[in-house]
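Only one structure is covered here, and it is reproduced in the block below.
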Amino acid sequence: MSTQDIALVGLGVMGQNLVRNMERNGYRVSVFNRTAAVTERFMNDHGQGTSIQAYYGLRDLVAALERPRKILLMVKAGAPVDAVATELGPLLEAGDILIDGGNSHFGDTGRRVEQWARLGIHFLGVGISGGEEGALRGPSIMPGGDRDAYRQVEPIFQAIAAKAGDGAPCVAYLGPAGAGHYTKMVHNGIEYAVIQLIAEVYDFLHQGLGLPCSSLAEVFASWNRGELASYLVEITADVLSRIDPETGSPLVEVILDQAEQKGTGRWTVQDALDLGVPIPTISAGVEARSLSALRDQRLEAARIFGGPALAAPGEAKRHLEASRRALRASVVCAYAQGMALLQAASHTYAFGLELAEAARIWRAGCIIRADLLEDVRAAYATQPVIHNLIFFPKFRAILQEAQADWRQVLETMIRLGLPAPALSASLAYFDAYRSARLPANVIQALRDYFGAHTYRRLDREGTFHTEWTEGEPL
Ligand SMILES: NC(=O)c1ccc[n+]([C@@H]2O[C@H](COP(=O)([O-])OP(=O)(O)OC[C@H]3O[C@@H](n4cnc5c(N)ncnc54)[C@H](OP(=O)(O)O)[C@@H]3O)[C@@H](O)[C@H]2O)c1
């Protein structure tokens, strides 16, 4: 009998918790996992006394679903998505809906939407953020694909999504093709940037100025009660206060300083380069992870190169407020860059994205949730095509107020020899944006010199070339 509302394939961390979330919200969910033992374990741990039904073959899984069938894939991104969808294909019929909830590349999603549409099957690419806890309690959900197909799964998504302070579910139809996965990709890019910014401020106050982790945890906790209130600042306070039971030192101090990455940050930078959108803070976040991974080389270089002495303990207190302002302004730059990229992508790929909606659904459930997102939402709701968030009065004021402190923090970090790629990329982004005159005139002159690429002039219309080797030197 066909009784189940939705099926989920892929009982990894995310899949398991999404199933439990849907079941808690009254949906009858069928589950399947490639490795049967995982399904058995899941049913033993979480399936007893629920309406969840386990299947050990895709044919039976599909047969149990009400029409149109809705199947949520939560498998590893890449080839596994195509492999599972291809196995499911012959079992589906026109009007059925395949939903990819993993971190797929938006280009793959666009291709899959088209490929499945030819068979009359709807393919939705849905970004889901919030990690394990979010999947269980309420994630932020970023759907893209066919709008009518989305409407058929919308009630389920609205039920399981996180609810923002105003009670609105953190899900909204974002656009056709890969619009949902694109938005999730940029979300992850902003996440890379903010995490790197936090790490640099930790480095400044802890390694640079000697503030112990326990005090720094209190600093982040207090920042989280103010304008910087956000999930990442909140969990930084938790992380810094955790003691390693084996050594008695802060756990963070014994964690290897080599950051890993799964690819969404890199994709964000790659696409921003293709679209010509500057996102230097996000790039810095990605590159800082790559550099951290070169640990053997760093250890060798540390032995070879000396550097300035770090400041005496006790100095940190003087720099706390400046650090808060520098972090806040840099975080604004990271969000501004992400939103600018979304705007350009929406234009190039015809996503028709509403940026206010993207900001709205990031306000709860996802990793980059932050109080500031309500201001981002409000900014785009009143002016949908602002060139950049930094022009909006609220953010203009934050950047303006931070300027002196931002420079002072970076001056001190440079003096101490502490790397600050994301903080400095943010300030350089701001400084470049507010420069009426950039040195691009020299770039144009050099290009014209060696390649006859021509240049334009400030004082006259037209395109010019100079025979540089023939002219009079200054
Ligand atoms: N973890 C997070 O915090 C998080 C957050 C947001 C989004 N995501 C995304 O959500 C998706 C799921 O993530 P996850 O962390 O729960 O799990 P995952 O480790 O990315 O994937 C594990 C699941 O994929 C299945 N799988 C892998 N290759 C397969 C194949 N060729 N055929 C069939 N099934 C295959 C596994 O089945 P077996 O048990 O048989 O190996 C398992 O059920 C990923 O795209 C991930 O990037 C993850």
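It should be emphasised that the depicted structure is a prediction, and the values quoted were computed from it without experimental measurement. When a ligand or atom number is given, it counts from 1 through the structure's own listing order.
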Positive for salt bridge (Lys or Arg N to Asp or Glu O under 4.0 Å) with Asp375, one of Arg360, Arg328, Lys394, Arg396
Lys394

Which N/O atoms of ligand 1 sit under 3.5 Å from a protein N/O, and at what distances?
unit_1: ligand 1; atom_1: 16 (O); unit_2: Val13; atom_2: N; d: 3.1
unit_1: ligand 1; atom_1: 16 (O); unit_2: Met14; atom_2: N; d: 2.8
unit_1: ligand 1; atom_1: 24 (O); unit_2: Lys76; atom_2: N; d: 3.3
unit_1: ligand 1; atom_1: 31 (N); unit_2: Arg34; atom_2: NH1; d: 3.4
unit_1: ligand 1; atom_1: 39 (O); unit_2: Asn33; atom_2: ND2; d: 2.8
unit_1: ligand 1; atom_1: 40 (O); unit_2: Arg34; atom_2: NE; d: 3.0
unit_1: ligand 1; atom_1: 40 (O); unit_2: Thr35; atom_2: N; d: 3.0
unit_1: ligand 1; atom_1: 40 (O); unit_2: Thr35; atom_2: OG1; d: 2.5
unit_1: ligand 1; atom_1: 41 (O); unit_2: Arg34; atom_2: NH2; d: 2.9
unit_1: ligand 1; atom_1: 43 (O); unit_2: Leu11; atom_2: N; d: 3.2
unit_1: ligand 1; atom_1: 43 (O); unit_2: Asn33; atom_2: OD1; d: 2.6
unit_1: ligand 1; atom_1: 45 (O); unit_2: Val75; atom_2: O; d: 3.4
unit_1: ligand 1; atom_1: 45 (O); unit_2: Asn103; atom_2: N; d: 2.9
unit_1: ligand 1; atom_1: 47 (O); unit_2: Asn103; atom_2: ND2; d: 3.3

Can you confirm whether more than 12 heavy atoms, excluding those of Arg24, are under 6.0 Å from its CZ atom?
yes

Does Asp96 reach the main-chain N or O of Glu93 with its side chain, forming a donor-acceptor pair under 3.5 Å?
yes

For His105 together with Trp267, are the ring centres under 6.0 Å from each other?
yes

Ring-face cation contact, Tyr192 with Arg289, 6.0 Å cut, 45° max
yes

Between Phe351 and Tyr182, is the ring centroid distance below 6.0 Å?
yes

